[in-house]
Amino acid sequence: MMARLVRKGLAIALLPSAYVPHLTGLATIEITDAPMRVEYLIWSGVGRTPAATAFLNLLDLPDR
C-alpha cells in the first residue's frame, strides 16, 4: 500500500532495505543510521495468556 501511495505522489516512505527490490520505477535513497522501530503483537483466540499479562505488566499497561 505504501508503494502505491508513493507512486501516485501522495507520500514518501521510509521502508526496510529488504523491501527496496520491490520498488521498481521509484527513486530510492539509502539511509544509514536511520531510526529504528520495534513492534510487538500479542494474540490469543482464548483470551489473554499469562505470558501476555506479564508482558503488559512490564509495560505498565492496565489489565483489561
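Starting from 1, each residue takes its place in the sequence as its number.
- Taking the side chain as every heavy atom from C-beta outward, L15 and L23 approach each other to under 4.5 Å.
- Under a hydrophobic-cluster definition in which Ile, Leu, Val, Met, Phe, Trp and Tyr are linked whenever side-chain heavy atoms come within less than 4.5 Å, directly or via other members, V20 and L26 are assigned to different clusters.
- Applying the 6.0 Å contact sphere to CD1 of I12 captures no more than 12 heavy atoms from other residues, nucleotides or ligands.
- Across every non-hydrogen atom of R7 and H22, the tightest pair is NH2-O, 3.8 Å.
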